[in-house]
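Everything below concerns the one structure shown next.
One-based numbering, in listed order, for ligands and for the atoms of each.
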Amino acid sequence: MISETKTLVIGALGQVGSELVEQLRLKHGNDQIIASDIREPEHDFAPFEVLNVMDAEAVKTVVEKHNIKVVYNLAALLSATAEQNPAFAWELNMAGHFNVLNLAKDGIIDTIFWPSSIAVFGPTTPQNQTPQDCIMDPNTVYGISKLAGERWNQYYFEKYDVDVRSLRYPGLVGYKALPGGGTTDYAVDIFHKALKDGNYTSFLSENTELPMIYSGDAIRATIEIMEAPKDAIKVRSSYNLAGMSFTPAQLANAIQQHLPDFSINYEPDFRQPIADSWPSSIDDAYARKDWNWKPAYDTEGLVKLMLDNLRELVV
Ligand code: AKB
């Protein structure tokens, strides 16, 4: 389906975007996948367009220029950064989403991927094995924007038959790209610091358990949901997606199995209450049932993979 049409990835220089473009290009060929972001890339990433997702006309122009039929819209401010600039975060996260949804509503594009997040859940959500449908009372700007976006997904699907597909990403942990501005970022930083300095100061407390996923698994899930037949996608708001769950102490312990001298200390900051409002673990039964989702990596597998791959890169 996707290989016959051109695809646009908006936010292609971010943690998800850079890995996603790489995988989509391997699968469909370089020229089929147009990368775009608000800034120029630092390396050759062609075909590439500088694009502001909040500029509806600019998005339409790029889409028409390349005959785009599939859009992955990844541009967003994440949880921690969004708290520093709520008005801009709301504007970026919502206006960008509408600009892409409206292109599908007008029949210009066919299919949209838009990521949601575990941030849609809140303090009164059941924390363990959080189900697909439950109380959702996010108390961060990012979470509020993602929950609103999910409701618009459902609305555009029901009213205008827009084929929008979405996943509630947990924290993404990978070695290919750095995250930026999230509450789960510690789980990537810790590997870099462990290899470079032998110790890490965690901005989350030792027993803060959060849902996480290997970034390669998250990218595979993203491609798999987009390749699934339209009628297999029963959840049109956004699917729960799970990989693994751990606390900073458990992650540090798993790293110490490979680096016995590694040490960690804890200095929780403004991100702690954000993490405290999120689930500890996620029930992704619907994704498993509807489009056969299955993660490949658990915590031990992830730790080994991260250390093996970062060992040469981190000096
Ligand atoms: C964040 O921490 O803000 C993101 C997310 C869980 O969506 N990684």
Side-chain angles (χ1 to χ4, degrees), residues 11 13-20 72-86 88-90 92-94 96-97 113-123 125 127 130 136 138-150 153 166-192 202-205 208-219 221-222 237-248 251 268-284 287 295 302 306:
L13 298 180
Q15 186 191 17
V16 177
S18 53
E19 266 196 77
L20 179 66
Y72 293 76
N73 176 19
L74 310 173
L77 282 201
L78 298 188
S79 56
T81 319
E83 291 306 300
Q84 315 300 321
N85 199 345
F88 176 69
W90 177 257
L92 170 64
N93 295 5
M94 297 314 299
H97 192 28
F113 178 80
W114 177 84
S116 184
S117 162
I118 55 163
V120 292
F121 300 114
T125 294
Q127 274 211 319
T130 301
M136 300 164 87
N139 57 8
T140 62
V141 185
Y142 176 62
I144 295 168
S145 72
K146 286 297 179 187
L147 182 54
E150 286 193 7
N153 287 352
S166 179
L167 299 171
R168 291 173 180 156
Y169 284 147
L172 265 67
V173 184
Y175 57 88
K176 292 189 178 170
L178 289 171
T183 301
T184 58
D185 293 9
Y186 92 85
V188 178
D189 298 343
I190 193 172
F191 288 97
H192 290 260
S202 171
F203 59 74
L204 297 184
S205 66
T208 307
E209 185 179 18
L210 287 173
M212 301 280 181
I213 191 168
Y214 166 49
S215 62
D217 273 351
I219 301 302
T222 304
S237 51
S238 189
Y239 277 93
N240 273 10
L241 184 78
M244 63 196 81
S245 284
F246 51 71
T247 66
L251 184 59
D269 67 11
F270 73 98
R271 290 165 280 196
Q272 184 64 44
I274 300 178
D276 288 341
S277 76
W278 289 355
S280 308
S281 58
I282 297 289
D283 175 357
D284 61 359
L302 174 74
M306 290 294 286

Under 3.5 Å, N or O to N or O, is Trp278 touching ligand 1 that way? no

Are Ser215 and Gln15 close enough that a side-chain donor and a side-chain acceptor fall under 3.5 Å? no

Which ligand 1 atoms does Ile118 reach within 4.0 Å, using its non-hydrogen atoms? 6 (C)

Nearest non-hydrogen protein atom to atom 3 (O) of ligand 1, with distance, is Ser79 OG, 2.6 Å

Residue, atom and distance of the protein heavy atom nearest atom 2 (O) of ligand 1 read Thr183 N, 2.7 Å

Nearest to atom 5 (C) of ligand 1, what protein heavy atom do you find, and at what distance? Ser117 OG, 3.5 Å

Please verify the inter-ring angle class for His97 with Trp114; under 30° counts as parallel, over 60° as perpendicular, anything in between as tilted. parallel

My understanding is that only residues two or more places apart in sequence, or in another chain, count here; which of them pass side chain to side chain contact (heavy atoms under 4.5 Å, CB included) with Asp189? Asp185, Tyr200, Phe203

Side chains of Ser79 and Thr140: donor-acceptor distance under 3.5 Å anywhere? no

Can you tell which part of Leu172 has a heavy atom less than 4.0 Å from ligand 1: side chain, backbone, both or neither? neither

Partners passing side chain to side chain donor-acceptor pair (under 3.5 Å) against Thr130 (at least two apart in sequence or in another chain): none

Checking the N or O distance criterion of under 3.5 Å, is ligand 1 in contact with Tyr142? yes

Do any N/O atoms on Thr184 end up under 3.5 angstrom from N/O atoms on ligand 1? yes

Can you list the ligand 1 atoms lying under 4.0 Å from a non-hydrogen atom of Leu78? 3 (O)

Electrostatic pair Arg168:Glu150 at N-O distance under 4.0 angstrom: yes

Test side chain to side chain donor-acceptor pair (under 3.5 Å) on Tyr142 and Thr183 and set out the steps. CA-CA 11 Å; Tyr142 176 62; Thr183 301; over 6 Å; no

